[in-house]
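Here is the naming used below: chain letters follow the sequence lines, and residue numbers restart at 1 for every chain.
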Protein chains: 2
Amino acid sequence: MTDIPIGEISRRSQVKVPTIRYYEQIGLLPAPPRSEGNRRLYGSRDLRRLSFIRHARDLGFEIDAIRTLLTLQDNPNQPCAEADGIAREKLAEVNARIDSLMALKDELEAMVGGCEHRCVGECRVIEVLADHHKCLHAEH
Amino acid sequence: MTDIPIGEISRRSQVKVPTIRYYEQIGLLPAPPRSEGNRRLYGSRDLRRLSFIRHARDLGFEIDAIRTLLTLQDNPNQPCAEADGIAREKLAEVNARIDSLMALKDELEAMVGGCEHRCVGECRVIEVLADHHKCLHAEH
DNA sequence: ACTTGCTCCTCTAGCGACTAGAGGATGCAG
DNA sequence: CTGCATCCTCTAGTCGCTAGAGGAGCAAGT
């Protein structure tokens with residue numbers, strides 16, 4: 001499992017080629033050795049690291065948080081309070097985002113449902129956007 | 001309700017001063033007349049437009065969609081199918097985002113709950129991120 | 001008249017996390 | 001040996017702002 005070219009590691013990790021190069025550039029992925037023809041050659045360690053990154057990105061972790069997580073992963077003898085903290089923070093963030101999206105969903109549903117499809121002058125979508133008091137939720 | 005300076009219209013519309021200037025720059029808000037001392041002077045029409053924009057942004061509409069919505073608002077004699085369509089699209093998007101955030105929430109909760117807080121070597125947070133098969137949801 | 005302190009002006013550069021494209025080198029199959 | 005896929009580096013663009021420099025205008029107090 002060694003000497004994997006960038007295209008193949010891209011396919012296997014589901015991370016696009018330019019993104020992999022970008023990760024190298026910002027120091028998230030170590031620069032791999034090169035072939036005689038100057039091509040990057042990756043190993044299975046890199047594949048694991050890339051999959052880790054991709055998975056964490058999918059879950060909405062920011063690059064900086066991932067950087068911390070990767071450092072933790074590299075020295076496994078430390079207490080994991082920090083990793084746990086990062087995940088907890090993310091969880092709180094996700095919950096907040098769900099809440100506001102649910103409110104938004106209600107509002108959009110009311111907009112779409114309430115419109116009689118005649119002309120813009122009477123359109124509820126436009127009306128609601130123009131006049132905040134027509135909102136279901138007053139918070140925002 | 002005329003000759004409102006940028007700071008006041010910012011306070012009233014809840015849109016930050018640089019953002020208002022940015023909206024002018026990208027042609028979302030018309031350039032207002034200026035005072036002798038070259039200061040922007042807004043009217044209540046601008047206030048309504050800015051509130052509309054802000055509200056739509058809060059609801060997650062992109063600038064381009066808002067541009068369309070504003071054009072529609074400016075000519076109220078057209079059928080509103082387009083505005084309705086934009087709102088419907090947004091609704092579908094929001095629903096999709098809620099779904100994926102709910103999945104994410106489950107996953108994060110399992111991570112956080114499952115960790116025994118000893119050291120990184122045994123941390124479930126790191127483990128789950130490193131190994132996709134430990135996920136609750138296989139889709140991503 | 002002068003100073004203080006606030007608001008405003010323009011301009012440029014930066015953010016995050018990529019993505020797109022130019023222009024060229026390498027590698028491999030037929 | 002000819003195509004074509006893959007790779008390289010480099011720069012610039014995306015979106016929706018945000019930050020900061022450096023300066024001008026304005027209103028109130030002394």
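Comparing atom distances between the B:P18 side chain and each of D:dT18, D:dC26, C:dG27 picks out D:dT18 as nearest. When distances run from any side-chain atom of A:R39 to the nucleotides C:dC18, C:dC9, C:dT26, the shortest one goes to C:dT26. In this structure, of C:dA17, D:dT18, C:dC9, it is C:dC9 that holds the atom nearest to the side chain of B:R34. In the set C:dT19, D:dG16, D:dC8, the nucleotide with an atom closest to the side chain of A:N38 is D:dC8. Side chain of B:K16, nearest nucleotide from C:dC9, C:dG27, D:dT18: D:dT18.
The side chain of A:Y23 places no N or O atom within less than 4.0 Å of a non-bridging phosphate oxygen (OP1 or OP2) of C:dA17.
With contacts defined as side-chain heavy-atom distances shorter than 4.5 Å, the pair A:R40/A:P33 does not qualify. The side-chain heavy atoms of A:L91 and B:K105, taken from C-beta on, include a pair separated by under 4.5 Å.
Rounded to an integer number of Å, the gap from B:R11 CZ to C:dC6 P is 13 Å. We find that CD of A:E24 is positioned 17 Å from C1' of C:dA17, with the value rounded to whole Å. Taking atom CD1 on B:I63 and atom P on D:dG16, their separation rounds to 5 Å, with Å as the unit. Rounded to whole angstrom, the span from the CG atom of A:D3 across to the P atom of C:dT26 amounts to 18 Å. Distance A:I66 CD1 to C:dC18 C1': 13 Å, rounded to the nearest Å.
If A:E36 and A:T19 are placed on DNA chain C by their nearest nucleotide, the residue sitting closer to the 5' end is A:T19. Nearer the 5' end of DNA chain C, as judged by each residue's closest nucleotide, is the contact made by B:L41, out of B:L41 and A:R57.
Classification of A:K90 and A:E93 as a salt-bridged pair holds, one side-chain N sitting under 4.0 Å from a carboxylate O.
Residue contacts shown for A:R21 include a base, since a base heavy atom lies under 4.0 Å away.
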Side chain to side chain contact (heavy atoms under 4.5 Å, CB included) between A:Y22 and A:L28, intermediate numbers included: CA-CA 9 Å; A:Y22 168 72; A:L28 202 60; over 6 Å; no
